[in-house]
Amino acid sequence: MSNPVRVYLSIGSNVDREHYVTAALEALDKWFDELAISPVYDSEAVGFNGSPFLNLVVGVDTELSVAELSRRFKQLEADNGRRRDVPKFSARTLDLDILTYGDAAGPIDGVELPRGEILKNAFVLRPLADIAPDDVHPVCGKTYGELWREYSTGQKLWPVDFHWRGRRISSAAS
């Protein structure tokens, strides 16, 4: 087997948000040894008028391929009611995206890495900067902490109180 690679993935939900974020964390905890979990943020819907999302980023170490991760995440979304027959920008029970796969760049197994949303959306960049501030974006060469400090699109997000398995993941006061 190959050496494990650090993967960051985003989790989002704007339908029964706490339930589906918890379902995602439970599934990820079964698949991976240890989860690095960012604070959870409440954010405005981007690209459509809709209910606010809960968003966070999780880091895992894995030997699974990008293709296998993508397959598992799509199945987890489907198992949790994610519909693919609706417009791209619409409400969703669960949205899981591979943000980075080590320092891979370019299309791998049909997934463009690193994910473009890292540089575009506060709800992806902020939680990524929270758990990996010194990790370097594989294309632009800046750390996620630097990218967050330079971020200025005006997208709004707020930390929220969120507990998982009796542990405080984030606090509205953070």
Side-chain angles (χ1 to χ4, degrees), residues 2-14 17 21 24-25 28 31-48 50 52-74 76-77 82 87-90 92 94-160 162 169-171 174:
S2 59
N3 290 329
V5 64
R6 174 51 62 133
V7 174
Y8 291 105
L9 59 118
S10 63
I11 300 172
S13 174
N14 76 334
R17 304 175 322 161
V21 167
L25 290 172
L28 294 172
W31 294 337
F32 305 105
D33 288 336
E34 192 174 320
L35 306 180
I37 305 172
S38 78
V40 180
Y41 291 91
D42 200 359
S43 66
E44 300 170 322
V46 173
F48 69 102
F53 278 78
L54 283 184
N55 291 100
L56 67 153
V57 168
V58 174
V60 300
D61 294 318
T62 186
E63 294 179 359
L64 296 174
S65 67
V66 171
E68 178 61 16
L69 288 170
S70 182
R71 186 196 65 73
R72 285 185 186 202
F73 295 162
K74 280 184 172 60
L76 180 57
E77 289 172 337
R82 170 80 184 265
K88 178 180 178 180
F89 294 108
S90 60
R92 54 196 62 176
L94 189 57
D95 187 26
L96 294 166
D97 292 310
I98 301 169
L99 300 176
T100 65
Y101 187 86
D103 59 2
I108 298 175
D109 298 330
V111 177
E112 187 67 35
L113 296 168
R115 190 163 179 91
E117 287 181 331
I118 294 170
L119 301 177
K120 295 178 186 165
N121 292 318
F123 61 83
V124 175
L125 181 56
R126 172 72 188 270
L128 182 56
D130 286 337
I131 62 170
D134 299 323
D135 285 11
V136 176
H137 187 282
V139 174
C140 76
K142 292 185 179 183
T143 68
Y144 298 117
E146 289 174 304
L147 289 168
W148 177 245
R149 286 188 295 278
E150 296 170 359
Y151 187 81
S152 63
T153 70
Q155 290 178 3
K156 295 183 174 46
L157 65 158
W158 307 267
V160 297
F162 195 90
I169 301 298
S170 66
S171 171
S174 62

- Contacts of type side-chain contact (heavy atoms from CB on, under 4.5 Å), residue T100, not counting sequence neighbours: Y8, P114, I118, Y144
- Message: Working note: D42 + R17, criterion salt bridge (Lys or Arg N to Asp or Glu O under 4.0 Å); need CA distance, chi angles, decisive distance, verdict.
- Response: CA-CA 10 Å; D42 200 359; R17 304 175 322 161; 2.7 Å; yes
- Does T62 reach the side chain of P4, with side-chain heavy atoms less than 4.5 Å apart? no
- Query: Within a radius of less than 6.0 Å around CD of E150, do more than 12 heavy atoms belonging to other residues, nucleotides or ligands occur?
  - Reply: yes
- Closest non-hydrogen atoms of S43 and W158, given as atom of the first, atom of the second and distance, are CA-CZ3, 4.4 Å
- Heavy-atom pair of closest approach, residues I98 and V66: CD1-O, 3.9 Å
- Message: Between S170 (side chain only) and V40 (backbone N and O only), is there a donor and an acceptor less than 3.5 Å apart?
- Response: yes
- Item | Reference residue Y101; test side chain to side chain contact (heavy atoms under 4.5 Å, CB included); the match among L69, L9, L64 | L69
- Task: Please assess L96 against L76 for the test side chain to side chain contact (heavy atoms under 4.5 Å, CB included), listing each intermediate value before the final yes or no.
- Result: CA-CA 9 Å; L96 294 166; L76 180 57; 3.3 Å; yes
- Query: For the side chain of E68 and the backbone of S65, is there at least one donor-acceptor N/O pair under 3.5 Å apart?
  - Reply: no
- Item | Partner residues of K120 under the side chain to side chain donor-acceptor pair (under 3.5 Å) criterion, sequence neighbours left out | none
- What's the spacing between L128 CG and S10 OG if we round to 0.5 Å? 9.5 Å
- Task: Any chance you could measure L25, atom CG, to L56, atom CG, to the nearest 0.5 Å?
- Result: 6.0 Å
- Okay, side chain of S38, backbone of V57: is any donor-acceptor separation there less than 3.5 Å? yes
- Gap separating the CG atom of D135 from the CG atom of D103, nearest 0.5 angstrom: 10.5 Å
- Item | Separation of L94 CG from I11 CD1 (nearest 0.5 Å) | 7.0 Å
- Start with the C-alpha gap between W31 and F73, add the side-chain angles, then the distance that decides, and say whether side chain to side chain contact (heavy atoms under 4.5 Å, CB included) holds. CA-CA 11 Å; W31 294 337; F73 295 162; 3.9 Å; yes
- So, for F53 and G12, which heavy atoms are closest and what is the spacing to 0.1 Å? CD2-C, 4.2 Å
- Note on the structure: Between the CG atom in D61 and the CZ atom in R6, the distance rounded to the nearest 0.5 Å is 4.0 Å
- Message: As an exercise, state the distance from CD of E117 to CZ of F123, rounded to the nearest 0.5 Å.
- Response: 5.0 Å
- Pairing residues for D109 by the salt bridge (Lys or Arg N to Asp or Glu O under 4.0 Å) criterion, not counting sequence neighbours: none
- Task: Carefully, step by step, assess H137 and L119 under the rule side chain to side chain contact (heavy atoms under 4.5 Å, CB included).
- Result: CA-CA 9 Å; H137 187 282; L119 301 177; 4.0 Å; yes
- Please lay out, stage by stage, how R126 and L157 fare under the test side chain to side chain contact (heavy atoms under 4.5 Å, CB included). CA-CA 9 Å; R126 172 72 188 270; L157 65 158; 4.0 Å; yes
- Message: Measuring only between side-chain heavy atoms, which start at C-beta, is Q155 closer than 4.5 Å to N121?
- Response: yes
- Message: A side-chain contact here means heavy atoms from C-beta on lying under 4.5 Å apart; do D95 and E77 qualify?
- Response: yes
- Note on the structure: For P159 and S171 the tightest heavy-atom approach is CB-O, 3.5 Å
- Message: Looking at every non-hydrogen atom in both residues, tell me the closest pair between N3 and E63 and how far apart they are.
- Response: C-CG, 4.2 Å
- Query: Between G59 and I131, which heavy-atom pair has the shortest distance, and what is it?
  - Reply: N-CD1, 3.9 Å
